[in-house]
Amino acid sequence: MWEKATILLFVACALAQDLCSPGASDGYKVRLSIKTALDDQAYEWNTNELFLFRAALAYAMRSYLPDQHFEVSNILICDETPRVSFWFVVTSVNSATLIKKEDVENAVRKSRSRINSAFLLSDQTLEFVGIAPTLAAPFVPATPPWLIAFGVVMGVVGAGIVYFLVSAVLQRKRKKKGKMADDEARAERGISGENGSGIYNTSFSDEEKMTEM
Amino acid sequence: MDKTTKSADEDRPKWDNKIQYLLTCIGFAVGLGNVWRFPYLCQIYGGGAFLIPYLIALVFEGLPLLYLELAIGQRLRLGSTGVWNSISPLLGGVGIASMIVSFLVGLFYNTILAWVLWYFFHSFQNPLPWSTCPLNVNRTGFSEECEKSTSVNYFWYRETLGITSNIEESGSIQWTMVVCLASAWCIVYICFIKGIQSMGKAVYVTATFPYLVLTIFLIRAMMLPGAVDGIKYLFTPDWEILKNPQVWLDAATQIFFSLSVAFGGLIAFSSYNDEKNNCERDAVLVGVINSATSLYASIPIFSILGFKATSAFNACQDDNILALTNQFDFSDQNITRENYNHWFNYLNNTFPSTISSLNLRTCDLQTFLDQSASGTGLAFIVFTEAVIEMPGSQIWAVLFFIMLFSLGISSMFGNIQGVLTPISDLKILPKWLPEPLVTAIVCIICFLVALIFTLGSGNYWLEVFNAYVGSVPLLIIAFFEIIGVIYVHGMKRFSDDILFMTGKRPNIFWKACWMVISPVMLLGVLIAYVALQAQTRPTYPTWNPSYEFFPQNQILEYPDWVFAIIILLSVLPIISIPIVALYGLIRRGKRRSSTRVEFSAYSNGGFESEYRQNRT
C-alpha cells in the first residue's frame with residue numbers, strides 16, 4: 001500500500017510539473033520589480049514571499065468562484081528567475097484539471113488591488129503579462145476648483161468696479177453741490193456783465209463794491 | 001515756443017510720482033515676448049552669439065527710437081494723434097495709424113491673457129487637469145486624440161481652444177473662453193477706471209511681481225536635475241551663426257517689437273509727465289531694463305526646459321532598461337542608468353538579433369533639448385508639461401500663470417492708453433461723457449470684436465493678427481516717426497526742446513543715430529522683412545486629428561479670402577498716413593490764407609503761422 005501511495009505521489013508531482021510550464025496555455029507570467037518600487041525598503045524575494053503570492057492568488061480565485069475552496073496547493077509555480085519572474089497555473093480544487101485562462105484573468109482583475117497591496121507594489125511593478133490593468137477613472141471633484149478660483153477673482157473685480165463707479169457718481173454729486181454754492185457766492189459779489197465763461201477779473205469786482213450806490 | 005504751457009495743462013492727468021511713470025513704461029516694454037520669444041531666439045541662433053546682434057540693435061535702433069518717443073511726448077504733451085498733428089498736419093495720419101495698431105494688437109493680446117486666466121483657474125486642481133487624459137466615450141480606454149498626442153497637447157487644443165482643423169471651419173463659440181475673455185477685459189477695465197491714477201497704482205504690482213516670480217523660479221529651477229544642461233545649451237555660443245543675415249534681421253525685429261515703440265502708448269505716458277524731466281535717462285533705463293529682463297527670464301525658462309529634457313531622456317532610458325531586464329530576466333535594478341551603456345554594448349555583441357528585435361529607442365539628450373518652442377507653445381504646452389514633473393506642481397503652475405498675466409496686463413495698459421489718449425485728445429466725444437464711461441465703451445467694443453478669437457478657429461485668426469498687424473505696420477510707423485521728428489519738426493528744434501526739458505542738448509551719438517543710423521536700419525529691416533514674407537505663400541500649422549501623420553501639425557496654405565484679410569490688416573493701419581497727408585495737401589492748396597485752424601491748443605497761433613510760412 002505504501003508503494004502505491006508513493007507512486008501516486010510521484011505521479012502527482014510529475015503531473016504537476018507538466019501542468020505548469022513556461023508558455024502554458026492556461027498559465028500567466030508574473031514579473032515583480034521590487035527594487036524599482038520600494039528602493040531602500042525593498043524586501044528580499046524568498047520562498048515565504050512565494051507562499052504569500054500563492055495564498056493571495058488562491059484568495060483571488062476563491063473570491064471569483066465562491067463555491068470552490070481553492071488552497072495554496074492549487075497554485076503551481078515554475079520557471080523562477082532572478083528577475084523575479086515566474087509562471088503560474090491554477091488547478092481545480094481536486095487538482096485534476098487546470099482552470100481556464102479567462103477565469104484566472106477575471107479573478108486576478110477582480111482582486112488586483114488586494115494582490116498589489118499584499119506586496120506593497122503597483123500595477124506597473126507587479127506585472128501579470130497579458131492582463132492589462134483596468135484604467136482608473138480620472139478624479140472629478142464635486143465642485144470644479146476652477147469655478148471657485150474664477151468666482152473669487154471675478155467677485156473681487158466686480159466689487160471693485162461697483163465701488164469705483166459708485167464713488168465716482170457720489171463725488172460728482174458733491175462737486176455739483178459745491179459748484180452751486182460757489183456760483184451763488186459769485187452772484188452775490190455782483191458780476192453783472194459776466195456771461196459766465198472765462199477767467200474772472202477780481203480787481204474789477206472790488207472796484208464795483210467800493211463804488212456801490 | 002519755450003514757454004511752459006501750465007494754464008491749459010492743469011486738467012491734464014499727471015503721474016503721482018516718477019516711479020509710477022517708470023514702472024508703467026517698463027511694464028509696457030516688458031511683456032510676454034521677453035519670456036517666450038527671446039529665449040527661443042537665443043537658443044536657435046547660437047546662444048551667447050545672438051547677444052551680439054541683439055545688443056547692437058538695442059544701442060543703435062532701440063534706444064534712439066525710445067528716447068525720441070519719450071522726448072516728443074513729454075514736450076508736446078499730447079497723445080500720438082496730437083503730437084503728429086502738431087508737428088505737421090500732413091503727418092497726422094501717423095498718430096491715427098498708431099491708434100489703430102494699438103487697438104488691433106490690444107484685441108488679440110487680451111485674448112492671450114484670457115487663455116492665461118483659464119490655465120490659472122485650472123491650476124488649483126490636484127492632479128493638474130492637463131496631466132491625465134480623459135476616458136473615451138465607452139470608458140474602455142483613454143480618448144483617442146489624447147492617446148496619439150499627449151495629455152498636455154489635448155488639454156490645450158481640445159479643452160481650452162476647442163480648435164477646428166483649419167481656419168475656414170469656424171466651429172462654434174467656446175463659451176468657457178468667452179467667460180475668460182470677459183474676465184480679462186473686466187480686469188483691464190478696473191485698472192483703467194480712473195485713467196492713469198488707477199493704472200499707476202495697479203502698475204506697482206503688475207510691473208514688479210514678474211521679477212519676484214522669475215527669481216523664485218530661478219532658485220527652484222537651479223535645484224532641478226538637468227538645469228545646468230539647459231543653461232549650457234542656451235548660452236553655448238555658435239559664432240558661425242553670425243554670418244546668417246536672418247539672425248541680424250530677427251535681432252533687429254525682436255528689439256523693435258520688444259520695446260513697444262510706435263504704438264503711441266509711450267508717447268501718451270510721457271505726455272503726462274512734468275515738462276522738465278530727464279527723458280534721456282528714462283529712455284536708457286527702460287531700454288536697458290527691458291533687455292536685462294529678457295536675459296534674466298531666459299535663465300529659469302531654460303533651466304526648466306533642461307529639466308524637462310532630462311526627465312524625458314531618463315524616461316526613455318528607463319523604458320529601454322525595462323525592456324532589456326524583462327527580455328533577459330536579469331535581477332531588478334541590475335541595469336541602471338549609469339551602467340546602461342556598458343550593458344547595452346555587451347548584450348548587443350553577444351545577442352545582436354534579440355536586441356534588434358526589441359526595437360529599443362535611441363535616447364539622446366540633445367534631441368530632447370532641441371525640442372524648443374516659442375510663443376503660446378512654450379507657455380501652454382512645453383512649460384505645463386515640465387510643471388507636472390516638478391514636485392508641488394500646483395504652486396509652480398499658479399505662480400507661472402500669475403506672472404504671465406502680470407507681464408501681459410502691464411503691456412495691455414500701454415495698448416489701451418494708446419487708444420484712449422488719442423480719443424480724448426482728438427476731442428471727438430462730447431465733454432459731458434465721463435472718462436470711466438468712455439473707457440467702458442472702448443473695453444466693451446474691444447471685447448465684442450475679440451469674440452472672433454473665441455471661435456473654434458480663433459487660434460488661427462490670432463496667429464494671423466499676431467504675424468501681420470504687429471509687424472510691418474509698426475516698422476512703417478516708426479520710420480515715419482523718425483523722419484517726422486528729425487526732418488519735418490527739425491533736428492535743431494528738437495535739440496532745443498531737449499535742452500529745455502533736460503538742460504542739455506543731445507550729444508553726437510544720439511544725433512548720428514537719429515539722422516542716419518536708425519532710419520537706415522529701420523528701412524533695411526522693413527525691406528528685408530517684407531521681401532522675406534513675400535517670397536513664399538504664407539502657411540500655417542493646424543491641429544487636425546484626422547491627419548495621417550497626427551500628432552504632427554498639418555501645414556496648410558492660407559485660402560485666398562484669408563490672404564485678402566491679411567493684406568487688409570497690414571494696410572489698414574498705415575493707409576491713414578497717405579490719406580491724411582493728401583487731405584492736408586488739398587486743404588493747404590485750397591486755403592492759402594494764414595487763418596488756418598491750428599490743431600494744437602498749446603501753441604501760439606500767430607507765431608506758428610509766421611514760422612510755418614517762412615519754412616514752406
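Just so we're on the same page: letters track the sequence lines, and every chain starts at 1.
Glu71(A) has a carboxylate O that lies under 4.0 Å from a charged side-chain N of Arg62(A), or vice versa, which qualifies the two as a salt bridge.
Heavy atoms of Ile34(A) lying under 4.5 Å from chain B belong exclusively to its backbone. With a 4.5 Å cut-off on non-hydrogen atoms, Ser85(A) touches chain B through its side chain but not through its backbone. Heavy-atom distances place the side chain of Val153(A), and not its backbone, under 4.5 Å from chain B. Residue Leu437(B) does not touch chain A at all, counting heavy-atom pairs closer than 4.5 Å. With a threshold of 4.5 angstrom between heavy atoms, Ile193(B) approaches chain A through side-chain atoms but not through N, CA, C or O. Neither the backbone nor the side chain of Asp318(B) comes within contact range of chain A, judged by heavy atoms closer than 4.5 Å. With a 4.5 angstrom heavy-atom cutoff, Pro434(B) touches chain A via backbone and side-chain atoms both.
Environment of CZ in Phe51(A): sparse, with no more than 12 heavy atoms of neighbouring residues, nucleotides or ligands closer than 6.0 Å. Remark: Tyr163(A) OH is loosely packed, at most 12 non-hydrogen atoms of other residues, nucleotides or ligands lying under 6.0 Å away.
Side-chain atoms of Ser393(B) never come within 3.5 Å of backbone atoms of Glu389(B) as a donor-acceptor pair (strictly under, hydrogens ignored). A side-chain donor-acceptor contact under 3.5 Å links Gln394(B) to the backbone of Gln125(B). Here the side chain of Thr125(A) pairs no donor or acceptor atom with the backbone of Ser33(A) at under 3.5 angstrom.
For Lys100(A), the side chain to side chain donor-acceptor pair (under 3.5 Å) test picks out no residue, with sequence neighbours left out.
The shortest distance between side-chain heavy atoms of Leu50(A) and Phe86(A) falls below 4.5 Å. At least one side-chain heavy atom of Ile187(B) sits less than 4.5 Å from a side-chain heavy atom of Phe405(B).
Put simply, the residue from Val104(A), Thr91(A), Asp26(A), Asn74(A) that forms a side-chain contact (heavy atoms from CB on, under 4.5 Å) with Ile99(A) is Val104(A).
Residues from residues 115-124 of chain B that place a non-hydrogen atom less than 4.5 Å from a non-hydrogen atom of chain A comprise Phe120(B), Phe121(B), His122(B), Phe124(B), given in numerical order.
In terms of non-hydrogen atom pairs under 4.5 Å with chain B, the most contact-rich of Ala149(A), Ala168(A), Gly158(A) is Ala149(A).
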